[in-house]
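Step one of this worksheet: look at the structure below.
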Number of protein chains: 2
Amino acid sequence: MILSTKGRYGLKAVFELSLNYGEGPVSLKKISEKYDISENYLEQLFSKLKKNGYIETVRGAQGGYLLAKEPKEITVGMILRTLEGEITTSECLNREVCVRESICATRGIFEKIENSISNVIDNITLADMYEEHKNIIAEEKIKNEQKNLS
Amino acid sequence: MILSTKGRYGLKAVFELSLNYGEGPVSLKKISEKYDISENYLEQLFSKLKKNGYIETVRGAQGGYLLAKEPKEITVGMILRTLEGEITTSECLNREVCVRESICATRGIFEKIENSISNVIDNITLADMYEEHKNIIAEEKIKNEQKNLS
DNA sequence: TTAATGTTGACAAAATTAGTAGGGTATAAT
DNA sequence: ATTATACCCTACTAATTTTGTCAACATTAA
Ligand code: FES
Ligand code: FES
């Protein structure tokens, strides 16, 4: 099991938008080059995100994509659910209650897995990602300085 | 995202074995009929589980499959990992450290998701499932009795 | 105008999933 | 001994999903 590239690529790309939040649109070309992701493929992903109101576009030269809301108002879950579809582990959870429920003991398991995933992705915003990323960068900087000293 | 039928079917089937723990082997035919799962397909799943030492077999008439360990010693994670492969959310987590780590802020997210999934599946045993199932059955019984009274 | 950029819809290769099919082997029951 | 039951194993395949590609078009800044 692995999250598909839709979610993985999409989240990276949206994070890139949040890095540029308040500084005008970012073109797909830049993002696709930075992360080495097919431009046309990213386009499809962003199209969905636009339809769902998470990003906006500016057409024409110097145009591009930008977040439609503040980074702190967009959760990882919003992005992943838009791109991957409902994040679920069993067909029986999201549809009508399974007819076999009474003989099947697995339902509870899958429900727990699902809840724990939701708990993570719905409580991390793009702003949180930014903070964490800043810390990682800072740590790396210190490491590099230590290397240079020795 | 959804767990594949390998994990979903497999877990159901193995749970069925734990229901019969200590009472001799259970044939694939019975399991496949009870849950309406292809017998041949289940066979492939059980074959993997046998190779990994979670179940044993008895060949010949009246034969079948049985758990190789006590239900409390087999976790949901063991079964799911055997059947689904490594439960991961990002390619960058299980292989050599990603070269793009320093520019990519998503790694932390996927790590958290993965850990929370592991936390669930590695801490629920077949014995736990059995307890929970017993409770559900008991609750249903009470409900039915109340229905009959009214 | 022209070059940069987003928009849209169709198409398609590759991989994975979800099985099927069928012959083989072991063993309990008769 | 024979037969029915059941696991064992390998190969094959249909369907679906993933992971893109392609091309024609619309908008706008410079
Ligand atoms: S078969 Fe639907 S809940 Fe288990
Ligand atoms: S690209 Fe590998 S961790 Fe993000």
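In what follows, every chain begins at residue 1, and chains take the letters A, B, ... in the order their sequences are listed. Note that the coordinates shown come from a computational prediction; the quantities given were computed from them, not determined experimentally.
Whole-Å rounding puts the B:E56 CD to D:dC8 P distance at 11 Å. Rounded to whole Å, atom C1' of D:dT21 lies 16 Å from atom CD1 of A:I37. For B:I55 and D:dC8, the CD1 to C1' distance is 12 Å, given to the nearest whole Å. The nearest whole Å value for the distance from the NZ atom in A:K48 to the P atom in C:dG9 is 14 Å. Rounded to a whole Å, the CZ atom of A:R8 is 11 Å from the C1' atom of D:dT18. Rounded to a whole Å, the CD atom of A:E84 is 13 Å from the P atom of D:dT17. Atom-to-atom, NZ of A:K12 to P of D:dT19 comes out at 12 Å; the value is rounded to the nearest Å. Rounded to whole Å, atom P of D:dT21 lies 12 Å from atom CG of A:L45.
With sequence neighbours left out, B:I137 forms a side-chain contact (heavy atoms from CB on, under 4.5 Å) with B:H133. B:N119 meets the side-chain contact (heavy atoms from CB on, under 4.5 Å) test with B:N123; sequence neighbours excluded. Remark: A:K134 pairs with A:E131 by the salt bridge (Lys or Arg N to Asp or Glu O under 4.0 Å) rule, at least two apart or across chains.
The list of side-chain hydrogen bond (donor to acceptor under 3.5 Å, both in side chains) pairs with a residue in residues 57-68 of chain A, not counting sequence neighbours, reads A:K50-A:T57.
Comparing A:K6 and A:Q62 against DNA chain D, the residue whose closest nucleotide sits nearer the 5' end is A:K6.
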Pick out the pairs of N or O atoms, protein on one side and nucleotides 6-8 of chain C on the other, that lie under 3.5 Å.
unit_1	atom_1	unit_2	atom_2	d
C:dG6	OP1	A:L28	N	3.3
C:dT7	OP1	A:K50	NZ	2.8
C:dT7	OP1	A:T57	OG1	3.3
C:dT7	OP2	A:Y65	OH	3.2
C:dT8	O4	A:E43	OE2	2.8

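At least one side-chain heavy atom of B:M129 sits less than 4.5 Å from a side-chain heavy atom of A:I109.
Taking side-chain N and O atoms only, A:S38 has a distance below 4.0 Å to OP1 or OP2 of D:dT21. Phosphate proximity of D:dT18 to A:Y41: absent, as no side-chain N or O sits under 4.0 Å from OP1 or OP2. Dashed line: the shortest gap from a side-chain N or O of A:S4 to OP1 or OP2 of D:dT19 is under 4.0 Å.
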Which atom pairs, donor and acceptor, lie under 3.5 Å between side-chain atoms of residues 70-83 of chain B and protein residues at least two apart or in another chain?
unit_1	atom_1	unit_2	atom_2	d
B:T75	OG1	B:G77	N	3.4
B:T75	OG1	B:M78	N	3.1
B:R81	NH2	B:S118	OG	3.4
B:R81	NH2	B:D122	OD1	3.0
B:R81	NH2	B:D122	OD2	2.6
B:T82	OG1	B:M78	O	2.6

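Ring planes of B:F15 and B:Y130: tilted class, angle from 30 to 60°.
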